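Since the structure is predicted, the reported quantities are computational estimates derived from the model, not experimental observations. Note that ligands are numbered from 1 as they come in the structure, with each ligand's atoms numbered from 1 the same way.
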Amino acid sequence: MTLLVTGGAGFIGSNFIHYLRKHRPEDRVVCLDALTYAGNERNLVPLTDGSLFRFVKGNIGDEALVEAIFSEEKIDAVVNFAAETHVDRSIMSPEIFVKTNVWGTAVLLEACRRHGGVRFHQISTDEVYGMLSLDPNEASFTEDSPLKPTSPYAASKASADLLVLSYQKTFGLPVTVSRCSNNYGPFQHPEKLIPLMLTRAMTGGVLPIYGKGDNVRDWIYVEDHCRAVDLILRKGKIGEIYNVGARCEIKNLDLVRMLVSAVGEGEDRIVFVKDRLGHDLRYAIDPTKLEKELGFYPVISPKEGLERTVSWYRENRSFWEPLTTA
Ligand SMILES: NC(=O)c1ccc[n+]([C@@H]2O[C@H](COP(=O)([O-])OP(=O)(O)OC[C@H]3O[C@@H](n4cnc5c(N)ncnc54)[C@H](O)[C@@H]3O)[C@@H](O)[C@H]2O)c1
């Protein structure tokens, strides 16, 4: 099988390609990535050697380039990770989010349609559902929850999801969509909460928390997410949406306290800063459908996942130091 993995030089995409190399060594991977500030080809070393891997630097919205890849390779499936992903950046510059996340997805879908109905899997997010209240009794998001995105990032992802699903209904394209909760693990850019806190804690900086730190996020270790994507790609029902989560809700302040303690620093470094515009209070994913239909359960506990993550950021300063000083 030849897979086109877009955004494969970013956080989850690179973990997914590492996962494939380990568990699907027979698959050929073509990685298309624009190498924005969030992507780095070095995240894929040492996988870049050999005939089973090809890296193409370029934009998923570039129709000619995407057509060339589909003409040169016999692509069996596309897994679309490529996206602009940072909510704060989407508040400052929403346009690029529409271009990459919506238009880019449209270009990939068209190529799949032109080339005989190529299997397409869209990587989406729980943020398309909007937010829950802080009341823990309010039910988690299911696949049937209404789409109520609040940030330009989430709105662009929701738009892309609808487009993907429309290609199944209208053209019979074999698509699936997965909506995952917050990921953490190796190769995540230090602008995101967990690596931001870890790298600041490791370099003696202050640890800025939005508002009072009451916001709740639902966390999954990135390797578990990758395993879920691989499963949905191969066994998922065409036209279906699958929520991916590990039932692991943590309040931001509690999370930062855990991280500070894991690094061996004091909580006096935590500072509370003005809240993000439209900051969603709580996300919580109900992954029952994925559990029942495909038998997926995460295997990395939060304790193990955090230990692995802390060790990785300790041992890989060359990954994040250039990004924190840029
Ligand atoms: N990080 C999370 O917690 C999380 C949770 C749920 C879903 N997701 C989704 O997973 C996917 C990957 O997220 P991530 O955290 O790895 O993102 P990331 O920002 O770390 O990586 C994105 C990658 O896409 C590439 N890219 C950006 N624009 C591109 C373009 N126009 N053409 C080609 N490549 C482009 C970047 O260079 C980068 O390598 C996204 O679709 C995101 O919405 C992320």
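When hydrogens are left out, the protein atom nearest atom 19 (O) of ligand 1 is T85 OG1, 2.7 Å; that is the closest non-hydrogen contact. Here the heavy atom of the protein found nearest to atom 16 (O) of ligand 1 is I12 N, 2.7 Å. Of all protein heavy atoms, the one lying nearest to atom 34 (N) of ligand 1 is A34 N, 3.0 Å. When hydrogens are left out, the protein atom nearest atom 39 (O) of ligand 1 is D33 OD2, 2.6 Å; that is the closest non-hydrogen contact.
In the model, S71 has a side-chain atom that pairs as donor or acceptor with a side-chain atom of E67 under 3.5 Å. Of the N and O atoms on the side chains of T288 and D286, at least one donor lies less than 3.5 Å from an acceptor on the other residue. R217 and Y184 form no side-chain donor-acceptor contact under 3.5 Å, judged by distance and modelled atom types alone. A donor-acceptor pair shorter than 3.5 Å can be found between the side chains of E110 and Y167. Between E138 and S133, the side chains place a donor N or O and an acceptor N or O closer than 3.5 Å (distance only, hydrogens not considered). In this structure, a donor-acceptor pair under 3.5 Å is present between the side chains of E127 and Y283. Looking at S156 and N101, their side chains do bring a donor and an acceptor atom within 3.5 Å of each other.
Checking W320, F187, Y221 one by one against W312, the ring-ring contact (aromatic ring centres under 6.0 Å, His included) holds for a single residue, F187.
When all heavy atoms of T176 and G239 are compared, the pair lying nearest together is CG2-N, 4.5 Å.
Atoms of ligand 1 lying under 4.0 Å from at least one heavy atom of L35, given by number and element, are 37 (O). Within the listing of ligand 1, atoms 5 (C), 6 (C) sit less than 4.0 angstrom from a heavy atom of S181. In the vicinity of A82, heavy-atom distances shorter than 4.0 Å reach the ligand 1 atoms 24 (O), 33 (C), 34 (N), 35 (C). Heavy-atom contacts of S124 reach the following atoms of ligand 1: 6 (C), 7 (C) (cutoff under 4.0 Å). For ligand 1 and G58, the ligand atoms under 4.0 Å from any heavy atom of the residue are 32 (N), 33 (C). Near N182, with a cut-off below 4.0 Å to any heavy atom, the atoms of ligand 1 are 3 (O). The atoms of ligand 1 that sit less than 4.0 Å from any heavy atom of I123 are 9 (C), 10 (O), 11 (C), 41 (O). Close approach to T36 involves these atoms of ligand 1, each under 4.0 Å from a residue heavy atom: 27 (C), 28 (N), 36 (C), 37 (O).
At a 4.0 Å cut-off, not a single heavy atom of H189 sits close enough to ligand 1 to count as contact.
Summarising the contacts of atom 30 (C) of ligand 1 with I194, N43, N59, the nearest heavy atom is found in N59. With distances taken over non-hydrogen atoms, the option nearest atom 43 (O) of ligand 1 out of F81, Y153, F187 is Y153.
In terms of N/O distances under 3.5 Å, ligand 1 is approached by N183. Residue-to-ligand polar distances keep T125 apart from ligand 1: every N/O pair is separated by 3.5 Å or more. Here's the thing with L32: none of its N/O atoms is less than 3.5 angstrom from an N/O atom of ligand 1.
Around the NZ atom of K99, the shell of radius 6.0 Å holds no more than 12 heavy atoms that belong to other residues, nucleotides or ligands.
Contacts between R179 and ligand 1, counted as non-hydrogen atom pairs separated by less than 4.0 Å, are absent for every part of the residue.
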